[in-house]
Amino acid sequence: AIILSNNGIAEKEKTLSSFTEKLKRYSTLKEAVEALSASLSLDEVSRLIIEKSRTTLNKVGRVLLYLVDTEKQELMLSVSHGSSRVKAKRGDIFDHWVLRHRKSLIIEDVFKDFRFPLHDEDILEETFRSMISAPLVSENKVIGVLRMDSPYEALYTQDDLRLLDILSDLGALAIQNSYLYLRTQELAIMDSLTGLAVRRHFVDRLKAEIKRSARKGTKLAVLMCRGGRDQEGYKRFAP
């Protein structure tokens, strides 16, 4: 009876510990929502995605955020934590799989997963064995990949992956908002038809340059060009 009682207590303590850990995670997730919704800077949003992913899951290893370069249509490393040097600046076979399939990924041991036939030299320099990764999707397009990996086997669980999915959704929305904010700033100083700076922005910049020139004791020159199109429709500029 004493053994059964001790087993029952141990089981309850284990359940309570698991519940406490989940409560802590979702509390941190709430903080992530508030922090990401309050920032419009892309650099700050990227940093917060890394920070909140790390603190929410609280696992040993790296956190990497790749964003899609819209011009080159390829992944580029934006921010990382847990490694001073990342070899795969444009992502590796796992990141490209997530990008291509638009699906989350969990791997217990990268050397034993039949989906990814690897040579040791492909990942040895990165020194990781297990990983989870999720796509950042906005307006039906993948705009990035959020990834966590570790030198230990089977470190991540399905619950970890679910949390990473939530964080990637939050991150995608925050990044899209930062893009829209940046575009709004551009429209405020640029003429949408010509692509040139509007008069107010030109005057503000000119005043700033005059002050900087006076402060440093340097000369300042202003070159103004008049633009137009010739009969063939080509842009021409004249002083």
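All heavy atoms count here, side chains included; hydrogens, waters and symmetry mates do not.
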**Report entry** Stepwise side-chain contact (heavy atoms from CB on, under 4.5 Å) check, Arg62 with Met131
**Finding:** CA-CA 9 Å; Arg62 304 184 305 175; Met131 63 169 291; over 6 Å; no
Report task. Please list, chain by chain and in numerical order, all residues satisfying side chain to side chain contact (heavy atoms under 4.5 Å, CB included) with Ser80, sequence neighbours excluded. Result -> Leu64, Leu77, Val86
Query raised in the report: Is a side-chain donor-acceptor pair under 3.5 Å present for Thr157 with Asp160?
Result: yes
Query - Expected output: side-chain Ser213 to main-chain Ile210 donor-acceptor under 3.5 Å - result: no
Query - Ion pair Glu51/Arg54, N-O distance below 4.0 Å - result: no
Query raised in the report: Tracing side-chain links under 4.5 Å among I, L, V, M, F, W and Y, which residues wind up in one group with Leu40?
Result: Tyr181
Query raised in the report: Which atoms form the tightest heavy-atom contact between Ala32 and Leu167, and what is the distance?
Result: CB-CD2, 4.2 Å
Report task. Quick one: list whatever passes side chain to side chain contact (heavy atoms under 4.5 Å, CB included) with Val33, sequence neighbours left out. Result -> Leu170
Query - Partners meeting side chain to side chain contact (heavy atoms under 4.5 Å, CB included) with Val142 (sequence neighbours left out) - result: Leu99, Arg102, Pro135, Val137
Report summary line: The reported gap from CG in Leu161 to CG in Leu57 (rounded to nearest 0.5 angstrom) is 9.5 Å
Query raised in the report: Looking at residues at least two apart in the chain, or sitting in another chain, which of them share a side chain to side chain donor-acceptor pair (under 3.5 Å) with Lys30?
Result: Glu34
Query - Pairwise distance CG(Leu67) to CG(Leu136) - rounded to 0.5 angstrom - result: 7.5 Å
Query - Partners passing side chain to side chain contact (heavy atoms under 4.5 Å, CB included) against Thr184 (at least two apart in sequence or in another chain) - result: none
Query raised in the report: How long is the gap from CG on Leu164 to CD1 on Ile132, to the nearest 0.5 Å?
Result: 4.5 Å
Requested in this report: Look up atom OG in Ser53 and atom CD1 in Ile166, then write down how far apart they are to the nearest 0.5 Å.
Outcome: 11.5 Å
Report task. Grab the two heavy atoms, one from Gly171 and one from Leu36, that are nearest each other, plus how far apart they are. Result -> N-CD1, 4.3 Å
Report task. Work out which heavy atom in Phe128 is nearest to a heavy atom in Arg147; give both atom names and the distance. Result -> CZ-NH2, 3.0 Å
Requested in this report: Answer yes or no on whether Arg115 is positioned over the face of Phe94, meaning its NZ or CZ is under 6.0 Å from the six-membered ring centre and within 45° of the axis.
Outcome: no
